[in-house]
Amino acid sequence: MTQAKFITFEGVDGAGKSTHMAWFTGALRQRGIDLLLTREPGGTPLGEKLREILLHEQMHAETEAMLMFAARCEHLEQVIRPALQSGKWVISDRFSDASFAYQGGGRGVGIPKLEQLEQWVQGGLQPDLTLLFDIPIEIARQRLAGNVSLDRFEQEQGAFFQRVRQAYLDRAAKMPHRFIIIHAEKSLQEVEKELSHIASTI
Ligand code: TMP
């Protein structure tokens, strides 16, 4: 039996990652892989309460960073580590790369502070694979334009998302062994072809 893998999906809002995630998990299930689908912030009852606060309440950038990691701590202890230990693959819609991108790049929280939280909460644990859906910000913004109720992050300006995008790319360049960058402006068929290849080879 292959060891259970921890796979994360990342990208700026509007990159289409949630649609692609549903498709990718379908492809893994067809291979007979037992998996658990989860998300951040969230993934546990407490984490979902923190998600509501994080997406809708105004707060200091460092408070935001700490709450993201608090929700992650609960998620890791209650869901992610037990699932991996029992042989289930875990597919998470975002994980700590999002904190480096949004709180680090977007809000300007210092990377050393985020690294301290990461070390505290995760120890050495990192995803085995991270699919980063990269897309020009103008296209991502157009995709979000039809949404009637935007959350606190989605309401940010283009410059915020440019910084988030760049921070994701910097993180991918720092850890190339676990990142695959997917060009999310491509057609659905082209992205699915790429995902199909990844799902059959991991
Ligand atoms: P979602 O819309 O992809 O579910 O994510 C909710 C928002 O939370 C999204 O705008 C990104 C943001 N976020 C952070 O700012 N930091 C984090 O660590 C995580 C996990 C999400």
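Whatever order the structure lists ligands and atoms in, that order sets their numbers, starting from 1.
Between Ile7 and the choices Ile202, Asp128, Val90, the side-chain contact (heavy atoms from CB on, under 4.5 Å) rule is met once, by Ile202. The salt bridge (Lys or Arg N to Asp or Glu O under 4.0 Å) with Arg171 is formed by just one residue from the set Glu118, Glu10, Glu115; it is Glu118.
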Is there any protein N/O under 3.5 Å from an N/O of ligand 1, and what does the full list of such pairs look like?
| unit_1 | atom_1 | unit_2 | atom_2 | d |
| --- | --- | --- | --- | --- |
| ligand 1 | 3 (O) | Lys17 | NZ | 2.9 |
| ligand 1 | 3 (O) | Arg94 | NE | 2.7 |
| ligand 1 | 3 (O) | Arg94 | NH2 | 3.3 |
| ligand 1 | 4 (O) | Arg51 | NH1 | 3.4 |
| ligand 1 | 4 (O) | Arg51 | NH2 | 2.8 |
| ligand 1 | 5 (O) | Arg94 | NE | 3.1 |
| ligand 1 | 10 (O) | Asp13 | OD1 | 3.1 |
| ligand 1 | 10 (O) | Asp13 | OD2 | 3.0 |
| ligand 1 | 15 (O) | Gln103 | NE2 | 2.8 |
| ligand 1 | 16 (N) | Gln103 | OE1 | 2.8 |
| ligand 1 | 18 (O) | Arg72 | NH2 | 3.0 |
| ligand 1 | 18 (O) | Ser99 | N | 3.2 |
| ligand 1 | 18 (O) | Ser99 | OG | 2.6 |

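Salt bridge absent: Arg51 and Asp151 never bring a charged side-chain N and a carboxylate O closer than 4.0 Å. Between Arg39 and Glu48, at least one side-chain nitrogen of the basic residue sits less than 4.0 Å from a carboxylate oxygen of the acidic one, meeting the salt-bridge criterion.
Side chains of Thr8 and Ser92: no donor on one and acceptor on the other come within 3.5 Å.
Tracing side-chain contacts under 4.5 Å through hydrophobic residues (I, L, V, M, F, W, Y), one reaches Ile91 starting from Ile33; they form part of the same cluster.
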